[in-house]
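For reference, positions follow the sequence shown, starting with 1. FYI, side chains are in, hydrogens and waters are out, and symmetry mates aren't considered; it's all heavy atoms of this structure. Counting starts at 1 for both ligands and their atoms, in listed order.
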Amino acid sequence: MTEHAPPAPKKQPDAEADVIVVGAGPAGATTAFYLAQSGLDVLLLDKSRFPREKVCGDGLTPRAVKTLVGMGISVSEQDGWVRNKGLRVIGAGKRLELPWPELASYPGYGLVRTRLDLDETLARRAQQAGARLLEGVTVTGPVRDERTGRMTGVAAKATDGGEDRTYLARVVVAADGNSSRLSVAMGLRKRDDRPLGVAVRTYYRTHRHDDDYLESWLDLWDGDRLLPGYGWIFGMGDGTSNVGLGLLNTSAAFGHTDYHALLRKWLEGMPAEWGFTEENRTQPIRGAALPMGFNRTPHYYQGLLLVGDAGGMVNPFNGEGIAYAMEAGEIAARVIVQALGRPTAASTETALAGYPAALKDAYGGYYTLARGFVHAIGKPGIMRFATRHGVKRPAVMRITMKLLGNLTETRGGDAVDRVINALSKIAPAA
Ligand SMILES: Cc1cc2nc3c(=O)[nH]c(=O)nc-3n(C[C@H](O)[C@H](O)[C@H](O)COP(=O)(O)OP(=O)(O)OC[C@H]3O[C@@H](n4cnc5c(N)ncnc54)[C@H](O)[C@@H]3O)c2cc1C
(Lines give C-alpha, C1' and ligand atoms only; values in the text may rest on other atoms or scores of the structure.)
Protein backbone atom coordinates (compact mmCIF):
# COMPACT_ATOMS: atom_id res chain seq x y z
CA MET A 1 0.00 0.00 0.00
CA THR A 2 1.38 3.39 -0.94
CA GLU A 3 1.32 6.12 1.60
CA HIS A 4 -0.49 9.36 0.60
CA ALA A 5 0.25 12.69 2.20
CA PRO A 6 -2.95 13.97 3.88
CA PRO A 7 -4.67 16.71 1.83
CA ALA A 8 -3.60 20.21 2.85
CA PRO A 9 -6.19 21.61 5.29
CA LYS A 10 -8.38 24.21 3.61
CA LYS A 11 -7.70 27.71 4.92
CA GLN A 12 -10.56 29.00 7.04
CA PRO A 13 -12.28 32.04 5.50
CA ASP A 14 -11.53 35.36 7.20
CA ALA A 15 -15.27 36.06 7.33
CA GLU A 16 -18.56 34.72 5.99
CA ALA A 17 -21.78 36.58 5.25
CA ASP A 18 -25.05 36.20 3.36
CA VAL A 19 -23.89 38.71 0.76
CA ILE A 20 -20.55 40.31 -0.13
CA VAL A 21 -20.70 43.71 -1.83
CA VAL A 22 -17.46 44.76 -3.52
CA GLY A 23 -17.09 48.55 -3.71
CA ALA A 24 -18.73 51.06 -1.36
CA GLY A 25 -19.42 53.87 -3.86
CA PRO A 26 -23.06 54.91 -4.47
CA ALA A 27 -23.94 51.52 -6.05
CA GLY A 28 -22.37 49.31 -3.37
CA ALA A 29 -23.31 51.42 -0.34
CA THR A 30 -26.97 51.57 -1.46
CA THR A 31 -27.12 47.83 -2.19
CA ALA A 32 -25.58 47.06 1.22
CA PHE A 33 -27.95 49.51 2.95
CA TYR A 34 -31.10 47.84 1.59
CA LEU A 35 -29.73 44.32 2.18
CA ALA A 36 -28.82 45.13 5.79
CA GLN A 37 -32.17 46.83 6.34
CA SER A 38 -33.85 43.58 5.33
CA GLY A 39 -31.87 41.74 8.00
CA LEU A 40 -29.21 40.07 5.84
CA ASP A 41 -25.62 39.81 7.00
CA VAL A 42 -23.63 41.96 4.54
CA LEU A 43 -19.90 42.45 4.11
CA LEU A 44 -19.15 45.69 2.25
CA LEU A 45 -15.53 45.84 1.04
CA ASP A 46 -13.73 48.86 -0.38
CA LYS A 47 -10.10 49.27 -1.36
CA SER A 48 -10.12 52.88 -0.14
CA ARG A 49 -10.76 54.42 3.24
CA PHE A 50 -13.52 57.00 3.53
CA PRO A 51 -13.57 59.92 3.03
CA ARG A 52 -11.97 59.46 -0.38
CA GLU A 53 -11.95 61.45 -3.62
CA LYS A 54 -13.73 60.30 -6.79
CA VAL A 55 -13.50 62.08 -10.14
CA CYS A 56 -17.01 63.43 -10.76
CA GLY A 57 -19.06 66.51 -11.65
CA ASP A 58 -20.71 66.34 -8.19
CA GLY A 59 -24.14 67.18 -9.70
CA LEU A 60 -27.26 65.44 -8.39
CA THR A 61 -30.58 65.65 -10.24
CA PRO A 62 -34.00 65.20 -8.60
CA ARG A 63 -33.70 61.44 -9.32
CA ALA A 64 -30.63 61.28 -7.10
CA VAL A 65 -32.28 63.44 -4.44
CA LYS A 66 -35.16 60.96 -4.32
CA THR A 67 -32.82 58.01 -3.74
CA LEU A 68 -30.96 59.87 -0.97
CA VAL A 69 -34.18 60.85 0.77
CA GLY A 70 -35.41 57.27 0.41
CA MET A 71 -32.42 56.08 2.42
CA GLY A 72 -33.27 58.45 5.25
CA ILE A 73 -30.36 60.80 4.55
CA SER A 74 -30.93 64.41 5.56
CA VAL A 75 -30.28 66.59 2.52
CA SER A 76 -30.77 69.93 4.25
CA GLU A 77 -28.57 72.94 3.60
CA GLN A 78 -27.54 72.94 7.31
CA ASP A 79 -26.04 69.49 6.66
CA GLY A 80 -23.86 70.86 3.86
CA TRP A 81 -25.95 70.11 0.77
CA VAL A 82 -26.18 72.85 -1.89
CA ARG A 83 -29.56 73.00 -3.59
CA ASN A 84 -30.30 73.92 -7.19
CA LYS A 85 -33.53 74.86 -8.94
CA GLY A 86 -32.82 73.51 -12.40
CA LEU A 87 -30.60 73.49 -15.42
CA ARG A 88 -29.22 76.52 -17.29
CA VAL A 89 -28.46 75.59 -20.89
CA ILE A 90 -26.10 77.74 -22.95
CA GLY A 91 -25.62 77.20 -26.67
CA ALA A 92 -25.62 78.93 -30.06
CA GLY A 93 -25.41 82.32 -28.34
CA LYS A 94 -28.54 81.73 -26.21
CA ARG A 95 -29.10 80.89 -22.56
CA LEU A 96 -32.16 79.33 -21.06
CA GLU A 97 -33.07 78.51 -17.46
CA LEU A 98 -35.14 75.35 -17.11
CA PRO A 99 -36.48 74.71 -13.61
CA TRP A 100 -36.68 71.03 -12.59
CA PRO A 101 -40.26 69.85 -13.15
CA GLU A 102 -42.46 69.69 -10.06
CA LEU A 103 -43.73 66.09 -10.07
CA ALA A 104 -45.42 63.65 -7.74
CA SER A 105 -42.66 61.13 -8.52
CA TYR A 106 -39.59 63.36 -8.00
CA PRO A 107 -38.76 66.42 -5.90
CA GLY A 108 -38.45 69.74 -7.72
CA TYR A 109 -34.81 70.39 -6.78
CA GLY A 110 -31.33 68.99 -7.31
CA LEU A 111 -28.18 69.06 -5.16
CA VAL A 112 -24.43 69.48 -5.36
CA ARG A 113 -22.04 67.72 -3.00
CA THR A 114 -18.40 66.67 -3.30
CA ARG A 115 -17.90 62.93 -3.69
CA LEU A 116 -15.57 63.14 -0.70
CA ASP A 117 -18.68 63.89 1.41
CA LEU A 118 -21.40 62.10 -0.57
CA ASP A 119 -19.69 58.70 -0.69
CA GLU A 120 -18.69 58.80 2.96
CA THR A 121 -22.29 59.68 3.91
CA LEU A 122 -23.59 56.72 1.89
CA ALA A 123 -21.01 54.25 3.23
CA ARG A 124 -21.71 55.28 6.83
CA ARG A 125 -25.46 55.01 6.19
CA ALA A 126 -24.97 51.39 5.06
CA GLN A 127 -22.91 50.78 8.21
CA GLN A 128 -25.63 52.28 10.42
CA ALA A 129 -28.15 49.93 8.81
CA GLY A 130 -25.94 47.01 9.90
CA ALA A 131 -23.60 46.32 6.97
CA ARG A 132 -20.08 45.34 8.02
CA LEU A 133 -17.89 47.84 6.13
CA LEU A 134 -14.24 46.84 5.71
CA GLU A 135 -12.17 49.73 4.38
CA GLY A 136 -8.70 49.40 2.86
CA VAL A 137 -9.48 45.91 1.52
CA THR A 138 -8.75 45.28 -2.17
CA VAL A 139 -10.62 42.41 -3.76
CA THR A 140 -8.22 40.51 -6.00
CA GLY A 141 -10.55 37.98 -7.62
CA PRO A 142 -13.46 35.59 -7.31
CA VAL A 143 -13.54 32.39 -5.26
CA ARG A 144 -15.47 29.80 -7.28
CA ASP A 145 -16.97 26.41 -6.66
CA GLU A 146 -14.56 23.94 -8.29
CA ARG A 147 -17.37 21.83 -9.71
CA THR A 148 -19.95 24.38 -10.90
CA GLY A 149 -17.82 27.51 -11.37
CA ARG A 150 -20.38 29.51 -9.37
CA MET A 151 -18.96 32.30 -7.21
CA THR A 152 -18.83 31.50 -3.51
CA GLY A 153 -16.83 34.49 -2.34
CA VAL A 154 -13.85 36.70 -3.06
CA ALA A 155 -10.10 36.70 -2.54
CA ALA A 156 -8.73 39.95 -1.11
CA LYS A 157 -5.78 41.59 0.58
CA ALA A 158 -5.23 44.70 2.63
CA THR A 159 -4.70 47.59 0.19
CA ASP A 160 -1.48 48.52 2.00
CA GLY A 161 -0.12 44.95 1.79
CA GLY A 162 -0.30 41.93 4.03
CA GLU A 163 -1.66 38.40 3.86
CA ASP A 164 -4.21 37.14 1.34
CA ARG A 165 -7.73 36.90 2.73
CA THR A 166 -10.83 34.96 1.76
CA TYR A 167 -14.42 36.06 2.29
CA LEU A 168 -17.31 33.72 1.54
CA ALA A 169 -21.01 34.39 0.88
CA ARG A 170 -24.06 32.98 -0.89
CA VAL A 171 -24.20 35.90 -3.33
CA VAL A 172 -21.63 38.48 -4.44
CA VAL A 173 -22.30 41.96 -5.85
CA ALA A 174 -19.80 43.71 -8.14
CA ALA A 175 -20.14 47.45 -7.41
CA ASP A 176 -16.47 48.10 -8.12
CA GLY A 177 -16.95 50.82 -10.70
CA ASN A 178 -16.18 51.29 -14.38
CA SER A 179 -13.22 48.87 -14.68
CA SER A 180 -14.94 46.21 -12.51
CA ARG A 181 -11.99 43.84 -12.27
CA LEU A 182 -14.28 41.35 -10.54
CA SER A 183 -16.66 41.17 -13.51
CA VAL A 184 -13.71 40.88 -15.90
CA ALA A 185 -12.29 37.99 -13.83
CA MET A 186 -15.67 36.25 -14.32
CA GLY A 187 -15.37 36.76 -18.08
CA LEU A 188 -17.78 39.73 -18.29
CA ARG A 189 -16.24 42.33 -20.57
CA LYS A 190 -17.44 45.70 -21.85
CA ARG A 191 -19.64 45.61 -24.93
CA ASP A 192 -18.40 47.81 -27.73
CA ASP A 193 -21.88 48.09 -29.26
CA ARG A 194 -22.93 50.33 -26.35
CA PRO A 195 -22.10 54.01 -25.82
CA LEU A 196 -19.21 55.19 -23.71
CA GLY A 197 -18.32 58.67 -22.56
CA VAL A 198 -15.12 60.24 -21.30
CA ALA A 199 -15.21 63.22 -18.97
CA VAL A 200 -12.64 65.45 -17.23
CA ARG A 201 -13.11 67.86 -14.37
CA THR A 202 -11.32 70.22 -12.03
CA TYR A 203 -12.18 72.98 -9.52
CA TYR A 204 -11.65 76.77 -9.65
CA ARG A 205 -11.96 79.46 -6.99
CA THR A 206 -14.71 81.71 -8.32
CA HIS A 207 -17.47 84.08 -7.23
CA ARG A 208 -19.84 81.85 -9.25
CA HIS A 209 -19.64 79.19 -6.51
CA ASP A 210 -23.16 79.81 -5.17
CA ASP A 211 -25.07 79.47 -8.44
CA ASP A 212 -28.54 78.04 -7.84
CA TYR A 213 -28.70 76.44 -11.32
CA LEU A 214 -26.56 73.63 -12.75
CA GLU A 215 -25.03 75.16 -15.87
CA SER A 216 -24.38 73.22 -19.05
CA TRP A 217 -22.71 74.48 -22.23
CA LEU A 218 -23.48 72.81 -25.53
CA ASP A 219 -20.80 74.59 -27.59
CA LEU A 220 -17.76 72.31 -27.53
CA TRP A 221 -15.83 72.77 -30.76
CA ASP A 222 -13.03 70.76 -32.33
CA GLY A 223 -11.99 73.26 -35.06
CA ASP A 224 -15.23 73.75 -37.01
CA ARG A 225 -16.80 70.54 -35.75
CA LEU A 226 -19.39 70.72 -32.95
CA LEU A 227 -18.71 67.80 -30.58
CA PRO A 228 -21.38 65.53 -29.03
CA GLY A 229 -21.14 66.33 -25.36
CA TYR A 230 -21.29 69.28 -23.03
CA GLY A 231 -19.30 71.33 -20.59
CA TRP A 232 -20.56 72.04 -17.08
CA ILE A 233 -20.08 74.59 -14.30
CA PHE A 234 -21.53 73.47 -10.98
CA GLY A 235 -21.17 75.85 -8.03
CA MET A 236 -20.00 73.96 -4.93
CA GLY A 237 -21.07 76.67 -2.47
CA ASP A 238 -17.62 76.62 -0.83
CA GLY A 239 -15.86 79.30 -2.90
CA THR A 240 -15.22 76.90 -5.82
CA SER A 241 -16.99 75.53 -8.89
CA ASN A 242 -16.64 72.06 -10.36
CA VAL A 243 -15.87 72.66 -14.04
CA GLY A 244 -15.61 69.90 -16.60
CA LEU A 245 -16.69 68.45 -19.91
CA GLY A 246 -17.71 65.09 -21.30
CA LEU A 247 -17.81 63.63 -24.79
CA LEU A 248 -19.47 60.59 -26.34
CA ASN A 249 -17.71 57.91 -28.33
CA THR A 250 -20.15 58.31 -31.23
CA SER A 251 -18.16 61.14 -32.85
CA ALA A 252 -15.18 60.79 -35.15
CA ALA A 253 -13.19 62.98 -32.72
CA PHE A 254 -13.47 60.43 -29.89
CA GLY A 255 -10.13 58.84 -29.11
CA HIS A 256 -8.21 61.68 -30.80
CA THR A 257 -9.28 64.42 -28.42
CA ASP A 258 -6.88 66.11 -25.99
CA TYR A 259 -9.39 66.65 -23.19
CA HIS A 260 -7.17 68.93 -21.14
CA ALA A 261 -6.59 71.18 -24.16
CA LEU A 262 -10.30 71.14 -25.02
CA LEU A 263 -11.18 72.17 -21.45
CA ARG A 264 -8.63 75.00 -21.50
CA LYS A 265 -9.84 76.22 -24.90
CA TRP A 266 -13.47 76.20 -23.80
CA LEU A 267 -12.61 78.13 -20.61
CA GLU A 268 -10.58 80.73 -22.52
CA GLY A 269 -13.88 81.94 -24.00
CA MET A 270 -15.39 82.64 -20.54
CA PRO A 271 -15.60 86.14 -19.04
CA ALA A 272 -12.33 86.95 -17.20
CA GLU A 273 -14.18 87.94 -14.00
CA TRP A 274 -15.36 84.34 -13.52
CA GLY A 275 -11.75 83.54 -12.72
CA PHE A 276 -11.33 80.21 -14.54
CA THR A 277 -7.58 80.67 -14.78
CA GLU A 278 -4.57 78.57 -13.82
CA GLU A 279 -3.95 80.66 -10.66
CA ASN A 280 -7.46 79.88 -9.42
CA ARG A 281 -7.41 76.15 -10.22
CA THR A 282 -7.46 74.28 -6.89
CA GLN A 283 -7.21 70.67 -8.13
CA PRO A 284 -5.55 68.76 -10.97
CA ILE A 285 -7.61 68.12 -14.12
CA ARG A 286 -8.63 64.49 -13.86
CA GLY A 287 -10.80 62.29 -16.04
CA ALA A 288 -12.46 58.90 -16.27
CA ALA A 289 -14.80 56.87 -18.46
CA LEU A 290 -18.58 56.90 -18.25
CA PRO A 291 -19.90 53.39 -19.04
CA MET A 292 -23.39 53.85 -20.52
CA GLY A 293 -26.58 52.14 -21.62
CA PHE A 294 -25.81 48.71 -20.05
CA ASN A 295 -22.40 48.34 -21.63
CA ARG A 296 -21.55 45.26 -19.54
CA THR A 297 -23.96 42.34 -19.56
CA PRO A 298 -25.32 39.93 -18.40
CA HIS A 299 -26.05 41.65 -15.12
CA TYR A 300 -26.28 38.31 -13.33
CA TYR A 301 -23.85 35.48 -13.90
CA GLN A 302 -22.84 32.54 -11.68
CA GLY A 303 -23.59 34.06 -8.29
CA LEU A 304 -22.47 37.62 -9.24
CA LEU A 305 -24.78 40.64 -9.70
CA LEU A 306 -23.46 43.81 -11.39
CA VAL A 307 -24.59 47.19 -10.04
CA GLY A 308 -23.80 50.77 -11.11
CA ASP A 309 -20.81 51.56 -13.33
CA ALA A 310 -19.72 47.91 -13.09
CA GLY A 311 -22.83 47.11 -15.16
CA GLY A 312 -22.50 50.21 -17.40
CA MET A 313 -25.56 51.95 -15.99
CA VAL A 314 -24.82 55.63 -16.73
CA ASN A 315 -27.70 57.36 -18.58
CA PRO A 316 -26.42 57.97 -22.16
CA PHE A 317 -28.74 60.96 -22.58
CA ASN A 318 -27.03 63.10 -19.92
CA GLY A 319 -24.05 61.26 -18.38
CA GLU A 320 -25.72 60.94 -14.98
CA GLY A 321 -24.54 57.86 -13.10
CA ILE A 322 -25.09 58.33 -9.36
CA ALA A 323 -28.89 58.06 -9.33
CA TYR A 324 -28.82 54.97 -11.56
CA ALA A 325 -26.12 53.30 -9.45
CA MET A 326 -28.25 53.85 -6.34
CA GLU A 327 -31.56 52.85 -7.90
CA ALA A 328 -30.01 49.68 -9.32
CA GLY A 329 -28.57 48.96 -5.85
CA GLU A 330 -32.08 49.01 -4.43
CA ILE A 331 -33.36 46.76 -7.25
CA ALA A 332 -30.47 44.29 -6.73
CA ALA A 333 -31.04 44.20 -2.96
CA ARG A 334 -34.75 43.44 -3.38
CA VAL A 335 -33.95 40.58 -5.79
CA ILE A 336 -31.30 39.13 -3.44
CA VAL A 337 -33.55 39.32 -0.37
CA GLN A 338 -36.25 37.36 -2.20
CA ALA A 339 -33.73 34.89 -3.63
CA LEU A 340 -32.13 34.10 -0.27
CA GLY A 341 -35.59 33.65 1.25
CA ARG A 342 -36.27 30.70 -1.06
CA PRO A 343 -36.00 27.14 0.27
CA THR A 344 -33.75 25.47 -2.31
CA ALA A 345 -30.58 26.35 -4.19
CA ALA A 346 -32.44 25.95 -7.50
CA SER A 347 -35.24 28.34 -6.51
CA THR A 348 -32.68 30.87 -5.20
CA GLU A 349 -30.96 30.70 -8.57
CA THR A 350 -34.24 31.24 -10.43
CA ALA A 351 -34.90 34.40 -8.42
CA LEU A 352 -31.35 35.77 -8.95
CA ALA A 353 -31.65 35.12 -12.67
CA GLY A 354 -34.59 37.59 -12.65
CA TYR A 355 -32.29 40.55 -11.88
CA PRO A 356 -31.44 41.43 -15.54
CA ALA A 357 -35.16 41.40 -16.38
CA ALA A 358 -35.89 43.73 -13.43
CA LEU A 359 -33.24 46.15 -14.73
CA LYS A 360 -34.62 45.96 -18.26
CA ASP A 361 -38.07 46.76 -16.93
CA ALA A 362 -36.69 49.84 -15.21
CA TYR A 363 -34.38 51.22 -17.94
CA GLY A 364 -34.23 48.92 -20.99
CA GLY A 365 -36.51 50.81 -23.38
CA TYR A 366 -35.27 54.23 -22.21
CA TYR A 367 -31.64 53.22 -22.79
CA THR A 368 -32.53 51.98 -26.28
CA LEU A 369 -33.96 55.44 -27.06
CA ALA A 370 -30.80 56.98 -25.60
CA ARG A 371 -28.60 54.87 -27.87
CA GLY A 372 -30.47 56.22 -30.88
CA PHE A 373 -30.00 59.76 -29.55
CA VAL A 374 -26.24 59.47 -28.98
CA HIS A 375 -25.73 58.02 -32.46
CA ALA A 376 -27.72 60.90 -33.97
CA ILE A 377 -25.80 63.65 -32.15
CA GLY A 378 -22.52 61.95 -33.07
CA LYS A 379 -23.19 63.40 -36.53
CA PRO A 380 -21.95 67.03 -36.37
CA GLY A 381 -24.79 68.34 -38.61
CA ILE A 382 -27.48 66.95 -36.31
CA MET A 383 -25.73 68.23 -33.17
CA ARG A 384 -25.42 71.67 -34.75
CA PHE A 385 -29.05 71.70 -35.87
CA ALA A 386 -30.31 70.56 -32.43
CA THR A 387 -28.24 73.18 -30.57
CA ARG A 388 -29.06 76.04 -32.92
CA HIS A 389 -32.81 75.38 -33.06
CA GLY A 390 -33.42 73.81 -29.64
CA VAL A 391 -32.01 76.45 -27.29
CA LYS A 392 -34.12 79.14 -28.99
CA ARG A 393 -37.35 77.34 -28.07
CA PRO A 394 -38.10 77.08 -24.34
CA ALA A 395 -41.04 74.68 -24.88
CA VAL A 396 -38.83 72.28 -26.86
CA MET A 397 -36.09 72.53 -24.25
CA ARG A 398 -38.50 71.79 -21.38
CA ILE A 399 -39.54 68.58 -23.14
CA THR A 400 -35.91 67.76 -23.93
CA MET A 401 -34.97 68.26 -20.28
CA LYS A 402 -37.66 65.80 -19.15
CA LEU A 403 -36.47 63.25 -21.70
CA LEU A 404 -32.74 63.68 -21.08
CA GLY A 405 -33.12 63.79 -17.29
CA ASN A 406 -35.59 60.85 -17.25
CA LEU A 407 -37.90 63.01 -15.16
CA THR A 408 -41.45 62.00 -15.95
CA GLU A 409 -44.30 60.86 -13.74
CA THR A 410 -44.09 57.09 -13.41
CA ARG A 411 -47.88 56.95 -13.76
CA GLY A 412 -50.14 59.37 -15.60
CA GLY A 413 -48.49 62.78 -15.89
CA ASP A 414 -48.90 65.29 -18.68
CA ALA A 415 -48.91 64.61 -22.42
CA VAL A 416 -45.10 64.86 -22.62
CA ASP A 417 -44.68 62.35 -19.78
CA ARG A 418 -47.06 59.96 -21.47
CA VAL A 419 -45.27 60.19 -24.83
CA ILE A 420 -41.82 59.65 -23.26
CA ASN A 421 -43.10 56.73 -21.16
CA ALA A 422 -44.86 55.17 -24.14
CA LEU A 423 -41.74 55.45 -26.32
CA SER A 424 -39.61 53.88 -23.55
CA LYS A 425 -42.13 51.07 -23.25
CA ILE A 426 -42.33 50.23 -26.95
CA ALA A 427 -38.58 50.54 -27.62
CA PRO A 428 -36.95 47.07 -27.41
CA ALA A 429 -35.18 46.79 -24.02
CA ALA A 430 -31.41 47.40 -24.23
C1 LIG B 1 -15.63 63.36 -14.83
C2 LIG B 1 -16.91 62.68 -14.42
C3 LIG B 1 -17.99 63.46 -14.04
C4 LIG B 1 -19.19 62.86 -13.62
N5 LIG B 1 -20.20 63.66 -13.19
C6 LIG B 1 -21.33 63.10 -12.71
C7 LIG B 1 -22.35 63.94 -12.15
O8 LIG B 1 -22.20 65.17 -12.05
N9 LIG B 1 -23.48 63.34 -11.69
C10 LIG B 1 -23.67 61.99 -11.76
O11 LIG B 1 -24.73 61.49 -11.35
N12 LIG B 1 -22.69 61.18 -12.27
C13 LIG B 1 -21.53 61.69 -12.71
N14 LIG B 1 -20.53 60.87 -13.18
C15 LIG B 1 -20.72 59.42 -13.14
C16 LIG B 1 -20.55 58.87 -11.72
O17 LIG B 1 -19.31 59.32 -11.20
C18 LIG B 1 -20.59 57.33 -11.68
O19 LIG B 1 -21.64 56.86 -12.49
C20 LIG B 1 -20.78 56.81 -10.25
O21 LIG B 1 -19.65 57.11 -9.46
C22 LIG B 1 -21.01 55.29 -10.24
O23 LIG B 1 -21.02 54.81 -8.92
P24 LIG B 1 -20.50 53.30 -8.59
O25 LIG B 1 -20.75 53.10 -7.14
O26 LIG B 1 -21.06 52.35 -9.57
O27 LIG B 1 -18.93 53.34 -8.87
P28 LIG B 1 -17.79 54.19 -8.16
O29 LIG B 1 -18.31 55.47 -7.68
O30 LIG B 1 -16.64 54.18 -9.11
O31 LIG B 1 -17.41 53.31 -6.87
C32 LIG B 1 -16.68 52.10 -7.00
C33 LIG B 1 -16.08 51.77 -5.64
O34 LIG B 1 -15.46 50.47 -5.74
C35 LIG B 1 -14.22 50.50 -5.09
N36 LIG B 1 -13.38 49.46 -5.69
C37 LIG B 1 -12.95 49.40 -6.98
N38 LIG B 1 -12.21 48.27 -7.16
C39 LIG B 1 -12.18 47.63 -5.97
C40 LIG B 1 -11.56 46.41 -5.52
N41 LIG B 1 -10.84 45.65 -6.36
N42 LIG B 1 -11.72 46.04 -4.24
C43 LIG B 1 -12.46 46.81 -3.38
N44 LIG B 1 -13.05 47.98 -3.74
C45 LIG B 1 -12.92 48.36 -5.03
C46 LIG B 1 -13.69 51.92 -5.31
O47 LIG B 1 -12.74 52.30 -4.33
C48 LIG B 1 -14.99 52.74 -5.21
O49 LIG B 1 -15.23 53.18 -3.90
C50 LIG B 1 -19.32 61.44 -13.62
C51 LIG B 1 -18.23 60.66 -14.00
C52 LIG B 1 -17.04 61.26 -14.40
C53 LIG B 1 -15.87 60.40 -14.80
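Interface of G177 with ligand 1, defined as ligand atoms under 4.0 Å from a residue heavy atom, comprises 27 (O), 30 (O), 32 (C). Numbered from 1 in the order shown, with element, the atoms of ligand 1 that lie under 4.0 Å from a heavy atom of V314 read 19 (O). Those atoms of ligand 1 with a heavy atom of G308 less than 4.0 angstrom away are 26 (O).
Ligand 1 has an N or O atom lying under 3.5 Å from an N or O atom of D309, backbone or side chain. The shortest N or O to N or O distance between V139 and ligand 1 is under 3.5 Å. Geometrically, ligand 1 and R201 share no nitrogen or oxygen pair separated by less than 3.5 Å. Polar contact check, T138 against ligand 1: no nitrogen or oxygen pair lies under 3.5 Å apart. For a threshold of 3.5 Å applied to N or O pairs, the pair formed by I322 and ligand 1 contains at least one separation below that value. Of the N or O atoms in P26, one or more lie within a sub-3.5 Å distance of an N or O in ligand 1. For G321, a nitrogen or oxygen atom sits less than 3.5 Å from a nitrogen or oxygen atom of ligand 1, counting backbone and side chain alike. Taking distance alone, with nitrogen or oxygen atoms compared against 3.5 Å, D46 approaches ligand 1 more closely than that limit. Between C56 and ligand 1, not a single N/O pair is under 3.5 Å apart. Residue A27 has at least one N or O atom closer than 3.5 Å to an N or O atom of ligand 1.
Taking atom 50 (C) of ligand 1 as the reference point, the nearest protein heavy-atom neighbour is L290 CD2, 3.5 Å. Scanning all protein heavy atoms for the shortest distance to atom 39 (C) of ligand 1 gives K47 CD, 3.8 Å. In this structure, atom 5 (N) of ligand 1 lies nearest to the protein heavy atom G57 N, 2.8 Å.
Taking the six-membered ring for Trp and the full ring otherwise, the centers of H209 and Y204 sit at least 6.0 Å from each other.
Not a single heavy atom of M313 sits less than 4.0 Å from an atom of ligand 1. The closest approach between V137 and ligand 1 falls below 4.0 Å for a heavy atom of the residue. Look at R286 and you'll find every heavy atom at least 4.0 Å from all atoms of ligand 1. Using 4.0 Å as the threshold, R181 has no heavy atom nearer than that to any atom of ligand 1. Not a single heavy atom of G287 lies less than 4.0 angstrom from ligand 1. Using 4.0 Å as the threshold, Y324 has no heavy atom nearer than that to any atom of ligand 1.
Atom CG of D193 has more than 12 neighbouring heavy atoms from other residues, nucleotides or ligands inside a 6.0 Å radius. Shown here is E273, whose CD atom has more than 12 heavy atoms of other residues, nucleotides or ligands within 6.0 Å. Environment of NZ in K360: sparse, with no more than 12 heavy atoms of neighbouring residues, nucleotides or ligands closer than 6.0 Å. No more than 12 heavy-atom neighbours from other residues, nucleotides or ligands sit within 6.0 angstrom of CZ on R181. Counting heavy-atom neighbours within 6.0 Å of K54 NZ, excluding the residue itself, gives a total above 12.
The two residues D79 and R113 make their nearest non-hydrogen contact at O-NH1, 2.9 Å. The two residues L133 and A123 have their closest heavy-atom pair at CD2-CB, 4.1 Å. A pairwise comparison of heavy atoms in P142 and M151 identifies CB-CE, 3.6 Å as the closest pair.
Within the 4.5 Å cutoff, the side chain of P316 has heavy atoms near those of the Y367 side chain. Using a 4.5 Å heavy-atom cutoff, the side chains of I20 and V171 are not in contact.
Judged by distance alone, the side chains of Y213 and N84 never bring a donor and an acceptor atom under 3.5 Å apart.
A cation-pi arrangement, defined by a distance under 6.0 Å to the six-membered ring centre and an angle within 45 degrees of its axis, is absent between R125 and F33.
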